[in-house]
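A quick write-up on the structure given underneath.
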Amino acid sequence: MKIKGKSYTTIWLNENDESCVQIIDQRWLPHEVRFADLKTVDDAFTAIKDMWVRGAPLIGGAAAYGMYLASLHFKDNHSVVEQLTEAGNYLNTARPTAVNLAWAVNEQLKAVKQAALLENISLANTQKILKTNAQKICADDIKISESIGENGLAIIEAIYQQKKETVNILTHCNAGWFATIDWGTATAPIYKAHKKGIPIHVWVDETRPRNQGARITAFELEEEGIDYSVIVDNVGGHLMQNKQVDLCIVGTDRTTYCGDVANKIGTYLKALAAWDNNIPFYVALPSTTIDWEIREGKDIPIELRSNEEVKYIYGKTEKGELEKILLTPENANAANYAFDVTPAKYITGLITEKGICEANEKSILSLFPEKALIV
Ligand code: MRU
């Protein structure tokens, strides 16, 4: 997608220096567009943990490149598989909820282990495999997000055909292109609908405490010329009661194979309000976000982050300076649960790259029959 009319992805390999992975450092959005260089596995770990990059699919992409960066510093006289396993274990501890992290680490390990079965794999060959595979994981993610967009477009089109007026969509957090490599998950159908000329207005939940909605979703919708309004997190229920929301679309960080959805804290309350008001509530996700090992949402690990994120807020002062402001009494306790689980029964459907299904095991497996053997 575009920033000031120029196309970007969220992560890429520097074409003039293949020892350097570049990212858009999202901590500064929307006030500044800054880029950062990642050169070591520690850089990738920090970028994921401290949310320079965030959003489940992008965390996966960054982890895949993190494994490649790790290999650039391996000792030549040690087992590459052992060193890579160690790097993967380390990266896996960066953030607990988004399953794409473990998925991408595993994809990289699998690729190298497979090659090691066939030959005595050299360090140079390991690095080549990891680089190519990281590039493929990111390129595939773009195609997947675009397919989610095509599949979700049908839902928006159907509402528009019936309503013949602007379609109002509520979204939570940032499941936009900044949360993926490009296109986004929840935003992909919105971008597709906009490109088709369907009038859209997006209600953007600000999404305290890190304000991914107010800072990042608002930024990307604005850059794409899509009409939106930022709302504080408690407004959605009121809008739904007053028929100002036609459809909710959110993303997810981990969805069980029975359809329970972990997403940014507050998603559950929006799903309850949508349920009570008969408003369709869709979750857009790549299949890389489905955890084929977990049946029930209660088993999804929920990230608990620093209470500093609740107590302080960042923003631009009237003088144009970026500042961190204390909101609470200095010694206030704060609890910062980063995700919640929306039970499958509140979800109208899952929009995936393979099509739309219901949030239950049978329907999910009908789109991904190859997974029936492992669940
Ligand atoms: O804590 P974050 O910003 O990584 O959380 C992101 C979300 O909750 C997104 O909605 C989710 O990852 C889906 S992204 C396509």
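Please read all numbers here as calculations on a predicted model, not as lab measurements. Note that these values count all heavy atoms, side chains included, but never hydrogens, waters or copies made by symmetry. We count ligands from 1, going down the list as the structure has it; atoms in each ligand are counted the same way.
Using a 4.0 Å heavy-atom cutoff, Ala338 is absent from the residues neighbouring ligand 1. By the 4.0 Å heavy-atom criterion, Asn174 is counted among the residues contacting ligand 1.
The nearest heavy-atom contact from the protein to atom 14 (S) of ligand 1 is Ala179 CB, 3.5 Å.
Between Ile198 and Leu153 the shortest side-chain heavy-atom distance falls below 4.5 Å. Counting heavy atoms from C-beta on, the side chains of Arg95 and Arg54 come closer than 4.5 Å.
Using cut-offs of 30° and 60° for the angle between ring planes, the Trp275 and Tyr346 rings count as perpendicular. Note: Trp203 and His201 have perpendicular aromatic rings, judged against thresholds of 30 and 60 degrees for the angle between ring planes.
Heavy atoms of Arg95 found under 4.0 angstrom from ligand 1 belong exclusively to the side chain. Counting heavy atoms under 4.0 Å from ligand 1, residue Ala186 does not touch it at all. Using a 4.0 Å cut-off between heavy atoms, Thr289 makes no contact with ligand 1 at all. The parts of Lys264 lying near ligand 1 are both backbone and side chain, judged by heavy-atom distances below 4.0 Å.
For ligand 1, the polar-atom distance check against Ala56 finds a nitrogen or oxygen pair separated by under 3.5 Å. Geometrically, ligand 1 and Gly55 share a nitrogen or oxygen pair separated by less than 3.5 Å. Of the N or O atoms in Asn263, one or more lie within a sub-3.5 Å distance of an N or O in ligand 1.
Scanning Arg54, Arg210, Gln26 for the heavy atom closest to atom 6 (C) of ligand 1 points to Arg54. Compare Asn211, Val261, Thr185 by their heavy atoms: the one nearest to atom 15 (C) of ligand 1 is in Thr185.
If you check the side chains of Ser19 and Asp17, you find a donor sitting under 3.5 Å from an acceptor. Of the N and O atoms on the side chains of Asn360 and Glu358, at least one donor lies less than 3.5 Å from an acceptor on the other residue. For Asn133 and Tyr68, the side-chain atoms include no donor-acceptor pair closer than 3.5 Å. Gln26 and Asn174 form no side-chain donor-acceptor contact under 3.5 Å, judged by distance and modelled atom types alone. Side-chain atoms of Thr288 and Asn100 include a donor-acceptor pair closer than 3.5 Å.
Numbered from 1 in the order shown, with element, the atoms of ligand 1 that lie under 4.0 Å from a heavy atom of Pro57 read 14 (S), 15 (C). For ligand 1 and Gln212, the ligand atoms under 4.0 Å from any heavy atom of the residue are 1 (O), 2 (P), 3 (O). Close approach to Asp253 involves these atoms of ligand 1, each under 4.0 Å from a residue heavy atom: 5 (O), 6 (C), 7 (C), 8 (O), 9 (C), 11 (C), 12 (O).
Within the cation-pi definition used here (under 6.0 Å to the ring centroid, within 45° of the axis), Lys2 does not qualify as a partner of Tyr8.
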